[in-house]
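Letters A, B, ... mirror the listed sequences (proteins, then strands); counts begin at 1. In this text the structure is predicted, and so the values were computed from the model without any measurement.
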There are 2 protein chains.
Amino acid sequence: MKRHFVTIKDIARELNISVATVSRAMRDTYDVNQETRQLVLKKAQELNYKPNFNATGLVKNSSHNIGVVLPTITNYYFSTVITGIQEVAYKKGYNIVLYITNDSAEREMDILNELSLGNMDGLLVCVSSDSRQNDHFEQIIADGIPIVFFDRVAHDIKASKIMQDDYHGAYQAVEHLIQQGYKKIAHIAGPAGLLFTERRMEGFLAAMKDHRLPVKKEWIIHSGFSRDFGEKDALQLLQSRTRPDAIFAVNDRKAIGAMLALKKKNIRIGKQIGIIGFTNDPMCEIISPSLTTVEEPALEIGRKSCEFLLNHINKKHFQVQELTLPTKLIVRESTMRG
Amino acid sequence: MKRHFVTIKDIARELNISVATVSRAMRDTYDVNQETRQLVLKKAQELNYKPNFNATGLVKNSSHNIGVVLPTITNYYFSTVITGIQEVAYKKGYNIVLYITNDSAEREMDILNELSLGNMDGLLVCVSSDSRQNDHFEQIIADGIPIVFFDRVAHDIKASKIMQDDYHGAYQAVEHLIQQGYKKIAHIAGPAGLLFTERRMEGFLAAMKDHRLPVKKEWIIHSGFSRDFGEKDALQLLQSRTRPDAIFAVNDRKAIGAMLALKKKNIRIGKQIGIIGFTNDPMCEIISPSLTTVEEPALEIGRKSCEFLLNHINKKHFQVQELTLPTKLIVRESTMRG
DNA sequence: AAAGACTTCGAGAACGTTCTCGCTGATATA
DNA sequence: TATATCAGCGAGAACGTTCTCGAAGTCTTT
């Protein structure tokens, strides 16, 4: 249990020099003799010295921890984003510590009021789908803790934001459907109130309008993000007076749910009803027919978010900035009429 | 950039009491008057005081951080394990900080020699598939940092280990194939040298032996864990002199790779060749035909690992212990001959 | 009334670093 | 020779807590 650590003092004692000099040597400041420096480094190695981050953090007033607050990690998009975050954080010597909200606004609140959060150098957050109030973020920002939002961003908060190009991705998706000859296009969307959901909706509507296609209210359904909701939404669409001949889903999971539901009803995906998703989850290639989708730059979003945050943390002055990364249409079988 | 924090001293000054008393009040020790305690708590709330973990950590010699070292997080099993870990860690006030090895022994070494690791209160690790040398773990253990291994454990290390019941899971899987009438059963395994791979192999061999079925060398293939390897292995099996009529894959991803390859060759899964996987990845339900598999208790493994580690960290004396959690056969279409 | 026990609190050291200031001795400048 | 410059280093404070020790006051016991 009790472990004893080698400190800078031990090195100083063994070398008969002051702790100040050892500290200088470790940090390679200008005012230390290179010879003594080598001596110190050698001795440090020999004693297996590891710096104590609590001590450095205490004087420098930083923890080298950045908090990542997100709804879940058990899906392709989020786990990939985290991988990107971790990659750049690790390189710069920062730890990332995870906070999972389970997509619950209540839990999100709890987490943001958490003690430990105050000890983060900065925060990367993707808001939960049912959080409407944003006061808790305001509070954190007021406390002076840098925040970068990614993917699902809070509307009204003045903070840096990184998203994929949801509008154009959606536009391109719908245009692809239209080019394939589908005309009666439905959209199964996410919960209302989330910016990226709205942007995809706008892209959908714009593409329909530009191609002079009618949009029926009953072809637009708002619900949750999971596969189950995709199934339900698809079944609901089948009930509508005029049945759509294509579905644009807000994400791949819902698209896959819809496919599963339609397959059960013996509807031939592509031929009878075309389907397109969003994300490019590996599942797209596994399901049959394979799912056409819009690829999101998840890894890059993770990397860039973290880079932004580290800039915010280390720069004296930082501008709030927004970044939109491009998406890419990936055509597969689910939108093939042939 | 510069943020000013409310400290215990501020509270003491405003209340005209000593820092020691404030500290006592915050920790609710026995030797503090309940009235003054309430006063302190009220003032703390009022000033929005947040304890500084660097300071407490420095005197208590702990960081309340536990490191999680694992190959990747972008798959179902690992992301679920992490969710379990995070769940209990959060409850106990510990942060989890992620280290991703990308399944490379070299990177694993780098990470374990990392400075920041020395500042973890404990480690949860799942070794990378190509790591043979375990000296770096010995070193950490010698440093007195508690370690718990999960899933992929290092053979020879004396440390606590948590795994699913790979042997019986495999046995049950193969027995299920046999009961379905398959006789020529192949096993596409993981890389040799990993304990759980070997255990699944043993389960496979035992079931075959108990049912007096022959095992051909060419029906056993060792390779990587990814879908690509599953495809390759399946194609290789098709080349063998006597073609197997069923495949037991070491995990779902390989099983799915194999299915995809066989489907491309117009082989009817189930009828001509039965396939069973391991993990119960959500993809099993998505692919067609759906994939029979052995469910792993991923969430529970995450939870238990973390509980073990926290015990190790907080108990004065701890016994190294090993825990094996049960698996569960989940029958779907890929092993239906009818 | 004296002694003991208990409650409540303060002073100050300690944790392992970094940082500021100033000192020493050597070298360069006048 | 006297003075300025500079390289290299040490002493000690500071960061925000906890912890140990002891003191003051109150209450109980005899």
side-chain N/O [X] vs [N] OP1/OP2, d < 4.0 Å:
X	N	answer
A:T21	D:dC9	no
B:R27	D:dT18	yes
A:S23	C:dT18	yes

Please report the distance, rounded to the nearest Å, between [atom1] in [X] and [atom2] in [N].
X	N	atom1	atom2	result
B:I8	C:dC9	CD1	C1'	14 Å
A:M26	C:dT18	CE	P	8 Å
B:L15	C:dC9	CG	C1'	13 Å
B:R13	D:dG16	CZ	P	11 Å
A:R24	C:dC19	CZ	P	11 Å

Open item on the list: Heavy atoms within less than 4.0 Å of DNA chain C: which residues of residues 32-56 of chain B have one? Give them sorted by number.
Closed with: B:V32, B:N33, B:T36

Open item on the list: Regarding A:D103 and A:R152, does a basic nitrogen lie under 4.0 Å from an acidic carboxylate oxygen?
Closed with: yes

- [ ] Run the salt-bridge test on B:R13 and B:D10 with the 4.0 Å N-O cut-off and return the result as yes or no.
- [x] yes

Open item on the list: If you assign B:V22 and A:D31 each to the DNA chain D nucleotide with the nearest heavy atom, which residue ends up on the more 5' nucleotide?
Closed with: A:D31

Aromatic centroids of [Y] and [X] separated by under 6.0 Å:
X	Y	value
B:F137	B:F149	yes
B:F308	B:F150	no
A:F196	A:Y77	no

Open item on the list: Does the structure place the NZ or CZ of B:R107 under 6.0 Å from the centre of the six-membered ring of B:Y99, at an angle of no more than 45° from the ring's axis?
Closed with: no

TODO: From the options C:dA11, D:dT18, C:dT18, select the nucleotide whose nearest atom is closest to the side chain of A:V59.
DONE: C:dT18

Open item on the list: Just to be sure I understand the rule, does A:K60 reach a base, reach only the sugar-phosphate, or reach nothing, if contact means heavy atoms closer than 4.0 Å?
Closed with: sugar-phosphate

